[in-house]
Each structure stands twice: as structure tokens, then as C-alpha cells.
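So the structure is just underneath, and the comments pick up after that.
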Amino acid sequence: METHETFRAMDTEIDLFIETQAPPPPAALMGARLLFEQQEDRFSRFRESSLLSRLNRGELIDDPWFARAVAMALDAFDLTDGRFNPMILP
């Protein structure tokens, strides 16, 4: 049995598919949506309360997920010789 749900997150259309033998519990879909919402709250440059917006305002951020994402973004900057630039907009 395939369950499908579409929703918007991070300014894109998300298609979520769950394949199970029995109908999945409703919490499975809700949990996946919550994960996207939590990450958008953490990383969005368009939300004033996000960790990224706080960092851009000069606040010190102590969050291991955020630190890893920033490190990966800077690695991508280096690997693409600056073609991918996470520092373009504050």
C-alpha cells in the first residue's frame, strides 16, 4: 500500500511517499511534516527567529545540527570554486 502526501516546505513542493503492507499510522505522515517544519525553523533565512537569521544578526549559535549544515555549505562553496555560495544573502 502506498500513501502519498504533498505539502510545501522550504519554498518547494514536497512529495512524501510511504510504502507499507498496512495503512501507515497517521503519526508517520505528521512526523515527516514536522521534521521539515523543524528544519525550516532552524535554517530558513526568511524567518526572523531561525538560527540562520540569528547568526546573520551576529548572535552566537550553539546547535550541532546547525554547525554541521554551515560546515557542509562552506565545503560546497570550496568544492564548487564559489559557484555555490551560501553567503550571498544575509
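The number of heavy atoms from other shown groups lying within 6.0 Å of CG (Asp62) does not exceed 12. Applying the 6.0 Å contact sphere to CE of Met10 captures more than 12 heavy atoms from other residues, nucleotides or ligands.
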Exercise. For side chain to side chain contact (heavy atoms under 4.5 Å, CB included), just list the numbers for Phe66 and Leu52, CA-CA rounded to whole Å, side-chain angles, deciding distance to a tenth of an Å, and then say yes or no.
Key: CA-CA 8 Å; Phe66 185 76; Leu52 180 59; 4.0 Å; yes
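Applying the salt bridge (charged side-chain N to carboxylate O under 4.0 Å, His left out) test to residues at least two apart or on different chains, the pairs with a partner in residues 63-88 are Arg42-Asp63. Residue pairs meeting the salt bridge (charged side-chain N to carboxylate O under 4.0 Å, His left out) criterion with at least one member in residues 23-33, sequence neighbours excluded, are Glu5-Arg33. Listed by first and then second residue, the ring-ring contact (aromatic ring centres under 6.0 Å, His included) pairs involving residues 8-39 are His4-Phe17, Phe7-Phe36 (not counting sequence neighbours). Each side chain to side chain donor-acceptor pair (under 3.5 Å) pair with one or both residues in residues 21-30, not counting sequence neighbours, would appear here, but there are none.
Residues forming a salt bridge (Lys or Arg N to Asp or Glu O under 4.0 Å) with Glu19 (at least two apart in sequence, or on another chain): none. Taking the side chain to side chain contact (heavy atoms under 4.5 Å, CB included) definition, one finds that Glu48 meets it with Arg57, sequence neighbours left out. Legend: residues meeting side-chain hydrogen bond (donor to acceptor under 3.5 Å, both in side chains) with Ser50, ordered by chain and number and at least two apart, are Ser53. Partners of Asp11 by salt bridge (Lys or Arg N to Asp or Glu O under 4.0 Å), not counting sequence neighbours, listed by chain and number: Arg8. By the salt bridge (Lys or Arg N to Asp or Glu O under 4.0 Å) test, Glu2 is found to be paired with no residue, residues two or more places apart in sequence or in another chain being considered. For Arg47, the salt bridge (Lys or Arg N to Asp or Glu O under 4.0 Å) test picks out Glu37, Glu40, Asp41, with sequence neighbours left out.
The hydrophobic cluster containing Leu55 also contains Leu74, counting ILVMFWY residues as joined when their side-chain heavy atoms lie under 4.5 angstrom apart, directly or transitively. With hydrophobic clusters built from ILVMFWY side chains whose heavy atoms lie under 4.5 angstrom apart, Met72 does not share a cluster with Val70.
The CG atom of Leu16 lies 8.5 Å from the OG1 atom of Thr6; values are rounded to the nearest 0.5 Å. With rounding to the nearest 0.5 angstrom, the CG atom of Leu60 is 9.5 Å from the CZ atom of Arg54. To the nearest 0.5 Å, atom CH2 of residue Trp65 and atom CD of residue Gln38 are 7.5 Å apart.
Hydrophobic cluster membership of Phe46, counting Ile, Leu, Val, Met, Phe, Trp and Tyr whose side-chain heavy atoms lie under 4.5 Å apart directly or via other members: none, as it forms a cluster of its own.
What you find for Asn85 and Met87 is that their closest heavy atoms are OD1-N, 2.8 Å.
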